[in-house]
Amino acid sequence: MKVKNLMTPDPVVIELPATRNYALDLFKRYKVRSFPVVKRGTKEIVGIVSIKSVLLHPDEDQLAMLIKRDVPLVTPNDALKKAVKLILKNKYRRVVVVDKENHVVGILTVGDIIRRYLSKNEKMKSIEIKPYYQKHVSVVWKGTPLKAALKALLLSNAMVLPVIDDDGSLIGIIDETDLLKDSEIVRVMKSSELAVSSEEEWILESHPVLLFEKSELQIPKKPVQELMTTELKLATPHMSVYEVANIMTQEHIEQLPVIKGEGEIIGLIRDIDLVKAIVGAR
């Protein structure tokens, strides 16, 4: 199987120069987590900008400062296994597909591999997800403020957080795109007291104050339970890669909580975990 058989051709790209607000609008419109960034007018690859980078740096307006420039690249004729190895090695959910001139011609994401290969490959029916699912997962309480949940999401380097109630039972899941639904970039006034030397202090009746504008990501003061997804699809350790890939494809989701017994959460199976089955990684 070659990259060109699975990739998305002519993906949406961002041309430099551009602002972070422009990128944020695209993230909201297309509900994706990253875009290839190219030179204006040439489509020559510069890097990738992710929604996480935008969220982590709300005061950086120039998109060029938020780009990950060292991104894995493949060509349309490269083998799928090569692309998967690059995804796993770089811990990155996509590879950019370029031609001989380094112009972007496509993108191959983990989601593409799930939908167009794993969910159609019946050999995957004999492979259980048990060796691949994440057994150590960060969770968040239903009453956690959204701003605190975002911080937990970023610090855990996760895409999603399972949500639990007062009894520790799984009741939902929240991800980066949920947190963006009611959020916006706003300009706020900040003040900073200027320091003066001891020789000058006796002259001044008060310390001078510097006023300046700053961009901030404004997140509504709501608990997680108001924005979380509650209609959950679940997996068990003995389900097959094929079965889970088909659920992800049909439901347009990227992860399933893994449970045992009467619904006790014991982990999370992500789409990027499933692609390990292609190369036999653990």
Side-chain angles (χ1 to χ4, degrees), residues 1 3 5-8 11-12 27 30-35 50-52 80-81 83-88 90-95 106-139 153 156-163 170-181 227-260 263 265-282:
M1 182 67 67
V3 167
N5 301 123
L6 302 176
M7 74 179 192
T8 298
V12 176
F27 284 127
Y30 290 99
K31 298 180 180 179
V32 298
R33 289 193 168 86
S34 66
F35 290 103
S50 68
I51 190 173
K52 188 163 288 186
L80 173 60
K81 281 191 176 183
V84 170
K85 287 177 180 179
L86 284 172
I87 286 171
L88 297 176
N90 290 276
K91 297 180 180 178
Y92 214 62
R93 292 180 49 78
R94 65 210 72 236
V95 289
I107 193 163
L108 179 66
T109 68
V110 171
D112 294 330
I113 298 170
I114 297 295
R115 291 189 302 273
R116 298 168 186 166
Y117 182 73
L118 289 181
S119 66
K120 300 179 183 301
N121 188 344
E122 297 202 0
K123 291 181 180 178
M124 296 296 159
K125 288 182 176 180
S126 62
I127 303 176
E128 291 186 349
I129 67 166
K130 189 174 182 179
Y132 302 116
Y133 77 86
Q134 301 294 305
K135 298 173 179 64
H136 303 286
V137 180
S138 297
V139 299
L153 193 72
S156 64
N157 196 31
M159 296 192 307
V160 301
L161 292 173
V163 183
L170 177 69
I171 59 170
I173 200 165
I174 192 160
D175 67 12
E176 297 160 338
T177 56
D178 293 327
L179 292 169
L180 271 183
K181 286 175 183 174
L227 286 184
M228 69 183 184
T229 299
T230 55
E231 295 181 6
L232 301 179
K233 296 297 178 179
L234 305 173
T236 61
H238 297 294
M239 289 176 68
S240 71
V241 169
Y242 178 87
E243 189 176 0
V244 173
N246 272 280
I247 293 174
M248 290 180 174
T249 298
Q250 293 162 13
E251 301 296 329
H252 306 287
I253 54 178
E254 297 167 336
Q255 60 284 308
L256 281 73
V258 181
I259 62 168
K260 70 174 184 179
I265 182 169
I266 57 172
L268 193 73
I269 182 71
R270 308 168 302 170
D271 53 6
I272 197 169
D273 299 321
L274 288 186
V275 302
K276 294 176 182 179
I278 295 174
V279 293
R282 290 294 189 269

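All figures in this text were calculated on a predicted structure; none of them were measured in a lab.
Inter-residue side-chain proximity for Thr109 and Asp271 is flagged as unmet; no heavy-atom pair is nearer than 4.5 Å. Residues Leu256 and Tyr133 have side chains not in contact (no heavy-atom distance under 4.5 Å, counting atoms from C-beta outward). A heavy-atom distance below 4.5 Å is found between the side chains of Ile113 and Ile278. A 4.5 Å side-chain heavy-atom check between Leu118 and Met248 finds every atom pair outside the cut-off. Contact of the Ile272 side chain with the Met159 side chain is not registered, since no non-hydrogen atoms from C-beta on lie closer than 4.5 Å. Side-chain atoms of Glu254 and Arg270, non-hydrogen and from C-beta on, never get closer than 4.5 Å to each other. Residues Ile173 and Ile253 fail the side-chain proximity criterion, which asks for heavy atoms closer than 4.5 Å. Using a 4.5 Å heavy-atom cutoff, the side chains of Tyr132 and Ile269 are in contact.
When all heavy atoms of Pro162 and Leu170 are compared, the closest pair comes out as CB-CD1, 3.7 Å. Between Pro257 and Lys233, the closest heavy-atom pair is CD-O, 3.4 Å. Here the closest heavy-atom approach between residue Arg94 and residue Ser34 is recorded as NE-OG, 2.7 Å. Minimum interatomic distance between Thr8 and Pro11 (heavy atoms only, all atoms of both residues): O-CD, 3.9 Å. Across all their heavy atoms, Ser156 and Leu161 have their closest contact at OG-CD2, 4.1 Å.
Rounding to the nearest 0.5 Å places CG of Leu80 at 8.0 Å from CD1 of Ile87. How far CD of Gln134 is from NE2 of His136: 9.0 Å, rounded to the nearest 0.5 Å. Distance check, rounded to the nearest 0.5 Å: CD of Glu231 to CD of Glu251 gives 9.0 Å. The distance from the CD1 atom of Ile114 to the CG atom of Asn246 is 10.0 Å, given to the nearest 0.5 Å. One distance of note links CG of Asp175 with CG of Leu153; it measures 8.0 Å at 0.5 Å rounding.
Aromatic ring pairs are classed by plane angle as parallel below 30°, tilted from 30° to 60° and perpendicular above 60°; the pair Phe27 and Phe35 is tilted.
Screening Leu6, Val275, Asp112 for a side chain to side chain contact (heavy atoms under 4.5 Å, CB included) involving Tyr117 leaves a single residue, Leu6.
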